Each structure stands twice: as C-alpha cells, then as structure tokens.
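Have a look at the structure below before the remarks.
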2 protein chains.
Amino acid sequence: MSKLGSAPTLDDVAKLAGVSTATVSRCLNNPGQVVEATRLRVQSAVDALGYMPNFAARVMAAKRSSTIGAIIPTMENAIFARGLQAFQEELHQHGYTLLVSSSAYEPEIEEEQIKTLVARGADGLLLIGHDRHPRIYENLERWKIPALVAWSYLPDAQLPCIGFDNRAAMAELANHVIGLGHTRIGVISGISAGNDRARLRINGIQDAASQHGLDPSDLTIIETPYEIENGASAFSEVMSQNIPPTAVLCGNDVLAVGALHRAMEMGLNVPRDISITGFDDIELARIATPALTTVHVPHREMGRRAASALIGMLENQASGHGNPLATHIVERQSLGPPPDA
Amino acid sequence: MSKLGSAPTLDDVAKLAGVSTATVSRCLNNPGQVVEATRLRVQSAVDALGYMPNFAARVMAAKRSSTIGAIIPTMENAIFARGLQAFQEELHQHGYTLLVSSSAYEPEIEEEQIKTLVARGADGLLLIGHDRHPRIYENLERWKIPALVAWSYLPDAQLPCIGFDNRAAMAELANHVIGLGHTRIGVISGISAGNDRARLRINGIQDAASQHGLDPSDLTIIETPYEIENGASAFSEVMSQNIPPTAVLCGNDVLAVGALHRAMEMGLNVPRDISITGFDDIELARIATPALTTVHVPHREMGRRAASALIGMLENQASGHGNPLATHIVERQSLGPPPDA
DNA sequence: TTGTAAGCGTTATCAT
DNA sequence: ATGATAACGCTTACAA
C-alpha cells in the first residue's frame with residue numbers, strides 16, 4: 001500500500017483498476033496480450049494516479065535497463081557534441097536511453113565513470129579512443145558488458161570500433177601543407193599520453209614529413225590540453241624559436257582557434273605571415289577569423305553508426321566491427337603558401 | 001547464488017568472507033559499525049570478486065539514490081556548460097551524482113525528461129527558468145520531489161531559485177548603450193515563448209528605452225533559436241530596414257557572434273559602423289573578432305550556490321531560497337558610439 | 001559487533 | 001486473458 005504523498009506504484013494502479021499487478025505490467029509492456037476493455041480500465045487508473053513505473057524496480061526485475069552509457073573526455077567544448085547528439089538520436093529511435101558522463105581526459109576518472117555506469121545497469125558502453133589500462137578491458141569482459149570504441153579506427157583493436165584513421169587523416173593534411181612549400185612546421189597537439197587520437201595525429205604529421213624528405217625530428221611539437229587559451233600560449237611558444245615555423249598544424253580546432261587569436265594579437269596576418277590549421281571541423285572553425293582550414297570528421301555519421309553497431313552487439317550479438325569512416329580536408333582561409341614562396 | 005559470468009552480488013561477497021550480507025553492506029556504507037578484522041576480510045573478498053554494488057537494488061532498498069537530475073535547454077553550445085560543471089563539482093563533494101539531460105528548448109521534452117529522471121529515482125531536480133506548464137509544478141509537488149530553478153531569479157516564484165535578474169541585467173546594458181547616443185536599436189532575442197530569461201531580457205531593453213524617452217515599440221525585435229547561424233540571418237534581417245539600427249543588442253553571446261560574423265561579411269566595421277552586444281560572457285565572447293561587449297554572468301558561482309541550496313532542501317528541509325546574484329557589463333570592442341555621433 | 005529477515009516495485013513463469 | 005507468486009540485490013530494523 002502506498003503512503004500518501006509518495007509516487008503511486010503498480011499495486012495502487014492494480015487495485016484501482018480491479019486487476020492484478022501482472023495485468024497492469026502487461027498493459028504497459030505488452031499491450032497486445034491484454035483485452036481492450038481491461039486495457040482501457042488500467043489506462044485510466046494510470047492516468048488518474050499519475051503513475052510512473054519505478055525504474056530501479058524495473059531494472060531489477062527485467063535485468064536490463066535499455067540504457068547505454070557513454071564516457072566522453074570533455075563536454076566543455078563542442079568536439080564531441082555533434083557526434084554524441086546523433087548517437088543519442090539513433091539510440092532513442094531504438095528505445096534506448098543515453099547516460100553521458102565526462103572524464104576530463106583523466107584515466108582514473110574514466111575508470112570510475114565506467115564502474116558507475118555499469119553499476120547503474122547500463123546495457124552497453126560507448127568509449128572514446130583505445131588507450132586505457134588493460135584492467136578496464138578485463139573488467140568489461142568479466143562483467144560481460146558490450147562496449148564500443150568511437151572516434152578512432154584501429155584495425156586490430158581489443159574492442160570493436162567505429163571511427164576514422166586519425167593518422168592517415170592528419171597525414172593527408174600535412175602532405176597538403178608541405179606540398180604548398182612549407183618546410184618549417186610547428187605542431188600544437190593535445191596531450192598524447194593516454195590519447196591515441198592525439199598520438200596518431202602527431203604520427204601522421206611525422207609520416208608526411210618523412211615522405212617529403214623532411215626530418216621528423218625537426219618538427220617543433222608542443223603538447224597541451226585542448227583549450228583555446230592553451231592554443232594561444234603554445235602558439236607564442238612555438239613562434240619564439242630562432243627560426244619560427246611558417247605553418248602551425250594544430251591537433252584540433254579548439255587549439256587552432258587559440259593559435260589564430262594569438263597570431264592576430266601578435267600582429268601576424270594569417271595566412272600571409274603564418275599558416276594555421278585545425279582538425280575536427282566544428283562550428284568554431286567556420287566562424288573563426290580567418291575561417292579555419294581543417295580536417296572534416298563525419299561526426300553525425302560516426303555517432304549514428306556507433307549507435308547501430310552497439311545495438312547490434314546488444315540485440316544480435318553482432319561483432320560491432322565496421323570499416324573506417326572517410327575524412328577530408330576543408331580548405332578555408334587559414335592556410336596559404338609560406339611567406340617566402 | 002550468482003551464475004558464472006554475471007556480476008558478483010553481496011551474497012557472493014558475504015559467502016567468501018564468511019559473514020552475513022548485512023555485515024558486508026555495513027562495511028560498504030557504515031564502515032565504523034564494523035570491527036577492523038571483519039572489515040579487512042570483507043574488503044579482500046570485495047577486491048577478489050571485483051564486486052560492484054547494484055545501483056538499482058540499492059535505490060530500491062534505501063529509497064534514495066543520491067542522484068540529482070538536471071534538465072537544461074541545450075548542450076549544443078556553452079551557455080550552460082560552466083555553471084553545470086560547477087554544480088556537479090559541488091554535488092560530487094557532497095556525495096551526489098548528477099544526471100543531465102537536455103530538452104532542446106521544447107516544453108514537452110522537458111516534461112518527459114523530468115518524468116524520466118524522477119522514475120530513475122532522482123532525489124532532487126535542477127530546472128532552468130520558471131516558464132512551464134502548471135501541471136509540472138503540480139506533479140513535482142505530488143511526487144514530493146524537491147526542485148530548484150536556476151539561471152533566473154524571481155522574488156515570488158513557485159519554486160525556490162538561484163540566479164540573477166535577467167531584466168535588470170539587460171536593462172543596465174541597454175542603458176549604457178543608449179547613454180552612448182544610440183537611438184535606433186535592434187534586438188536579436190531567443191524565442192521568448194516559454195522562456196522567461198529571453199522575455200525578461202527583452203523587457204529590460206524596453207525598460208531602458210522608456211526610461212530614456214524612447215518609444216519601446218520602435219525597437220526592432222527579432223526572435224530566433226539560439227544558434228550562431230540564426231544570429232547571422234537575424235542580423236541581415238534587422239539591417240535590411242529602411243533606417244537600420246546603429247546598435248544591435250543580442251539575447252546571448254551565441255546570437256551575437258553570428259551577428260558579428262555577418263556584419264563582417266557585409267563589410268561593416270564593428271563597432272565603427274554598427275555596435276553589437278551579447279549576454280552571458282561565455283568563452284566565445286572573448287575570442288570573437290572584435291571581442292564582444294557583453295553581460296557577465298557568474299556562472300560558476302551560480303552553479304555552486306544552486307548545488308548547496310538543493311542539497312540543503314534535501315538534507316535539512318531548507319527553503320532553498322537565496323538572493324539574486326550580481327551581473328556586470330564587460331566592456332570589450334564590439335560597442336562604441338553611433339556612427340553619426 | 002554481527003546475524004536474521006522483511007521489505008523495496010517490478011517482471012516473468014506458471015497455473016488457471 | 002488473467003492471476004499468484006517467486007525472483008531481482010540490497011538496506012535496515014530488530015534480535016541475539
């Protein structure tokens with residue numbers, strides 16, 4: 001019997017409708033199994049009481065939550081926003097709810113968040129990138145909870161993944177930059193430790209350098225957390241060398257916008273005096289001044305595909321594996337030939 | 001008895017440690033009540049099994065979840081990011097977990113999200129702004145679930161609130177603009193229906209106009225969803241009048257950045273040819289070109305205070321009511337005197 | 001200090 | 001088509 005002022009329960013509804021709790025439960029979950037007349041009676045009892053099923057009780061009894069958990073590195077900028085949005089839209093269409101939390105790029109926080117999400121009964125997990133402690137993969141296996149990695153495609157990863165080839169994508173851009181005549185190149189990267197996307201993008205630049213006969217160890221590489229302000233500081237640092245670079249490739253658009261801003265403050269004209277590029281193609285890249293030349297990532301499609309793949313793993317024991325997504329360079333105004341060309 | 005390959009339960013831990021489930025539960029929740037020796041034994045059983053308490057079961061048994069739900073209008077831009085971040089940090093310090101969902105500025109979605117969060121056992125709710133269907137307030141009361149409104153302070157609101165006076169804040173800015181000599185003023189607002197913040201900011205501008213002997217009905221007001229692109233279109237529209245305004249006040253920084261960008265595309269110099277202002281003081285405002293003159297909102301403090309107030313309501317039946325927070329104008333480069341002054 | 005056992009609100013398996 | 005009833009995994013009086 002429900003106490004006054006608490007949320008009504010299945011039992012309250014059943015009593016009011018004059019049926020058993022089992023019937024009420026069926027009305028809610030398998031309306032087809034119940035005859036029209038009873039269904040109507042139950043429905044009005046539900047409405048009258050403002051009944052809402054108790055989620056915890058439902059999860060316990062059904063042993064599934066129709067909930068997917070996602071742990072993303074940050075919500076502070078738009079890097080993951082579009083992809084996650086598409087991910088959640090696709091999940092919603094299939095009757096799943098998304099629970100999101102962020103790890104602030106901290107491995108320990110990510111591990112804690114994974115536990116929290118599993119404890120909350122998530123049926124499956126979306127993780128960003130591959131770099132994490134082996135213990136986490138062991139636990140996931142032990143708990144038998146399907147997980148999918150996004151934002152990074154690796155052919156031989158431990159977990160199925162939906163994403164793009166960060167290394168090749170950045171190499172393509174770097175090749176283009178070098179092809180324009182740049183030989184002194186600065187790199188402003190995110191912190192690469194524990195972040196395969198950042199690491200692979202650096203590798204991509206190194207690949208392109210080697211390929212063009214440049215010495216990869218001549219690259220000036222600065223690593224800094226993905227924040228606009230840090231992009232600005234790193235730009236100052238990279239430009240303060242004896243022979244400053246003529247092009248600065250940034251690990252993402254956020255860093256690039258910071259660099260762009262600092263260049264302006266330093267009285268440098270982009271791209272006449274210095275070229276700057278980004279990665280991701282978030283909205284910021286379009287509205288920056290000058291608009292940012294960057295690598296376009298198909299965020300929405302990645303989110304959609306990740307959702308389908310994960311649902312496939314949950315419902316059809318599908319492998320979840322797919323093919324890498326294609327990226328492409330978006331040429332805007334921040335990249336040009338080197339000044340002395 | 002737990003089946004192989006499922007997550008271990010309290011019972012498994014109890015058996016392994018040779019104690020009752022009650023004792024294991026105490027070790028986890030009130031370690032003080034248990035003697036050192038047993039505690040250690042239990043702890044190693046927990047570790048050995050990789051035990052994680054089942055959240056749903058815990059919520060059912062304890063009848064509280066230590067979870068707070070927040071429904072914010074959007075995650076797509078940074079408007080709510082900082083405040084929410086501070087909110088969640090403060091909650092975390094007090095042992096609460098935050099569950100966030102977004103309503104996309106849709107009243108029906110918000111209502112659905114509230115139900116979902118309540119069904120999931122949220123102990124309390126954070127809502128943005130006051131405008132919503134009375135039924136929602138009735139339900140909240142019926143379910144006896146404490147809720148707090150943030151981002152808008154209203155002295156006689158139905159729910160306790162932590163926020164600032166949107167009307168006065170915008171009036172202060174408008175007064176400043178008019179004081180500079182502007183008489184033809186355009187307004188690019190968010191959709192005001194169902195959004196008291198947007199509505200009150202418009203009212204603030206109207207207040208300032210009246211106060212200076214201008215006719216509030218002479219203001220050109222365009223309402224459009226908070227997106228950069230919309231700010232740009234609205235700017236075109238507001239400038240296409242016979243006698244265009246010399247200053248355009250935007251309902252938030254996102255719209256203002258769009259307007260700024262379009263002004264540049266139109267070959268207008270800001271602020272020489274046209275002044276543009278924002279509201280919120282998000283990071284975007286600082287890095288825009290030119291940097292945006294805007295109203296600074298103490299987002300982090302608001303988030304912190306909201307968390308404290310809500311926890312107070314949950315734990316000490318405190319009223320949750322506080323005083324309005326102060327805002328202030330941040331003068332940067334997008335506002336100047338009118339061209340003909 | 002520790003154990004026993006009664007719930008918590010559903011779902012799902014049997015009967016009927 | 002519907003009704004009993006046994007789980008589900010945990011917390012918390014109450015007993016010992």
Side-chain angles (χ1 to χ4, degrees), chain A residues 1-3 6-43 45-46 49-67 118-121 123 143, chain B residues 1-3 6-43 45-46 49-67 95 115-116 118-123 143:
Chain A
M1 176 64 48
S2 91
K3 293 183 296 288
S6 308
T9 72
L10 246 205
D11 218 59
D12 298 325
V13 177
K15 287 214 172 65
L16 183 59
V19 296
S20 74
T21 61
T23 299
V24 179
S25 177
R26 284 186 202 104
C27 283
L28 268 31
N29 302 305
N30 304 76
Q33 295 183 13
V34 123
V35 82
E36 171 101 15
T38 4
R39 195 167 59 228
L40 258 39
R41 209 141 34 88
V42 168
Q43 188 53 55
V46 165
L49 292 163
Y51 169 77
M52 280 284 299
N54 178 309
F55 183 76
R58 174 175 283 195
V59 170
M60 279 205 68
K63 292 196 261 196
R64 59 190 155 62
S65 63
S66 297
T67 291
V118 171
R120 278 176 181 271
D123 294 335
W143 300 326
Chain B
M1 175 65 47
S2 94
K3 293 183 295 289
S6 310
T9 71
L10 245 206
D11 217 59
D12 297 324
V13 178
K15 287 215 172 65
L16 183 59
V19 296
S20 74
T21 61
T23 299
V24 179
S25 176
R26 285 186 199 105
C27 283
L28 268 30
N29 302 305
N30 304 76
Q33 295 183 12
V34 125
V35 81
E36 172 103 14
T38 9
R39 195 167 58 226
L40 258 39
R41 208 140 35 86
V42 169
Q43 187 54 54
V46 165
L49 266 46
Y51 168 77
M52 282 283 301
N54 177 310
F55 183 76
R58 173 176 281 194
V59 170
M60 279 204 70
K63 291 197 269 200
R64 58 190 157 63
S65 62
S66 297
T67 291
K115 284 193 184 170
T116 302
V118 171
R120 275 176 182 273
D123 295 335
W143 298 328

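Atoms considered below: every heavy atom in the structure, side chains included; atoms not considered: hydrogens, waters and symmetry mates. In what follows, every chain begins at residue 1, and chains take the letters A, B, ... in the order their sequences are listed. Treat the numbers as computed from the prediction; the structure is a model and nothing was measured.
In this structure, B:Thr116 and A:Phe55 have side chains that are not in contact, with every pair of non-hydrogen atoms separated by 4.5 Å or more. Between B:Arg58 and B:Asn54 the shortest side-chain heavy-atom distance does not fall below 4.5 Å. For the pair B:Tyr51/B:Leu28, a side-chain contact is recorded, criterion being any heavy-atom separation below 4.5 Å from C-beta on. At a threshold of 4.5 Å between non-hydrogen side-chain atoms, the residues A:Thr38 and A:Cys27 do not count as touching. Inter-residue side-chain proximity for B:Arg120 and B:Ser65 is flagged as unmet; no heavy-atom pair is nearer than 4.5 Å. Residues B:Val19 and B:Arg26 have side chains not in contact (no heavy-atom distance under 4.5 Å, counting atoms from C-beta outward).
When the nucleotides C:dT11, D:dG9, D:dG3 are ranked by their closest atom to the side chain of A:Asn29, C:dT11 comes out on top. Looking at the side chain of A:Thr38, the nearest of the listed nucleotides D:dT11, D:dT5, D:dT2 is D:dT2. Here the nucleotide nearest the side chain of A:Ala62, chosen from D:dC10, C:dA12, C:dT10, is C:dA12. The side chain of A:Leu10 approaches C:dT11 more closely than any other nucleotide in the set C:dA5, C:dC8, C:dT11. You'll find that the side chain of A:Asn54 is closest to C:dT10, out of D:dT12, D:dT11, C:dT10. Listed nucleotides: C:dG3, D:dG9, C:dG9. Nearest to the side chain of B:Ala22: C:dG3. When distances are taken from the side chain of A:Thr23 to each of D:dT2, C:dG3, C:dT10, the shortest belongs to D:dT2.
Contacts of B:Val34 with the nucleic acid, taken as non-hydrogen atoms under 4.0 Å apart, involve only primed sugar atoms and P, OP1 or OP2. At the heavy-atom level, B:Arg64 lies under 4.0 Å from the strands shown only through sugar-phosphate atoms. Note on B:Val19: only backbone sugar-phosphate atoms sit closer than 4.0 angstrom, heavy atoms only; bases stay farther off. Contact annotation for B:Phe55: no contact, since no heavy-atom pair falls under 4.0 Å across all strands.
Between the C1' atom of C:dT13 and the NZ atom of A:Lys63 lies a distance of 12 Å, rounded to the nearest Å. Remark: P of D:dA13 and CD of B:Gln33 are 10 Å apart, rounded to the nearest angstrom. As rounded to whole Å, 16 Å separates atom P of C:dT1 from atom CG of B:Leu40. The nearest whole Å value for the distance from the CG atom in A:Asp11 to the P atom in C:dG9 is 9 Å. The CG atom of B:Asn30 sits 10 Å away from the C1' atom of D:dT11 (whole-angstrom rounding). Atom OH in B:Tyr51 sits about 10 Å away from atom P in D:dG9, given to the nearest Å.
Considering every non-hydrogen atom in both B:Leu49 and B:Val13, the closest pair reads CD2-N, 3.9 Å. Considering all non-hydrogen atoms of both residues, A:Ala14 and A:Thr21 come closest at CB-N, 3.8 Å.
Taking 4.0 angstrom as the limit, B:Ser25 places none of its side-chain polar atoms (N or O) nearer than this to OP1 or OP2 of D:dC10. Under 4.0 angstrom from either OP1 or OP2 of D:dG9 there lies no side-chain N or O belonging to B:Thr9.
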Check the pair B:Arg41, B:Thr23 against side chain to side chain donor-acceptor pair (under 3.5 Å), reporting the backbone distance first and the verdict last.
CA-CA 11 Å; B:Arg41 208 140 35 86; B:Thr23 299; over 6 Å; no
Is there any protein nitrogen or oxygen under 3.5 Å from a nitrogen or oxygen in nucleotides 14-16 of chain D, and what are the pairs?
none

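With sequence neighbours left out, A:Ser66 forms a side-chain hydrogen bond (donor to acceptor under 3.5 Å, both in side chains) with no residue at all.
Mapping B:Glu36 and A:Arg58 onto DNA chain C by nearest heavy atom places B:Glu36 closer to the 5' end of the strand. Remark on DNA chain C: of its neighbouring residues B:Arg41 and B:Met60, the 5'-side contact belongs to B:Arg41, judged by nearest-heavy-atom nucleotide.
Put simply, the side chain of B:Arg64 never gets that close to the backbone of B:Asp123: no donor and acceptor are under 3.5 Å apart.
Axis angle, first five pairs versus last five pairs of the helix from C:dT1-D:dA16 to C:dT16-D:dA1: 30°, rounded to 10°.
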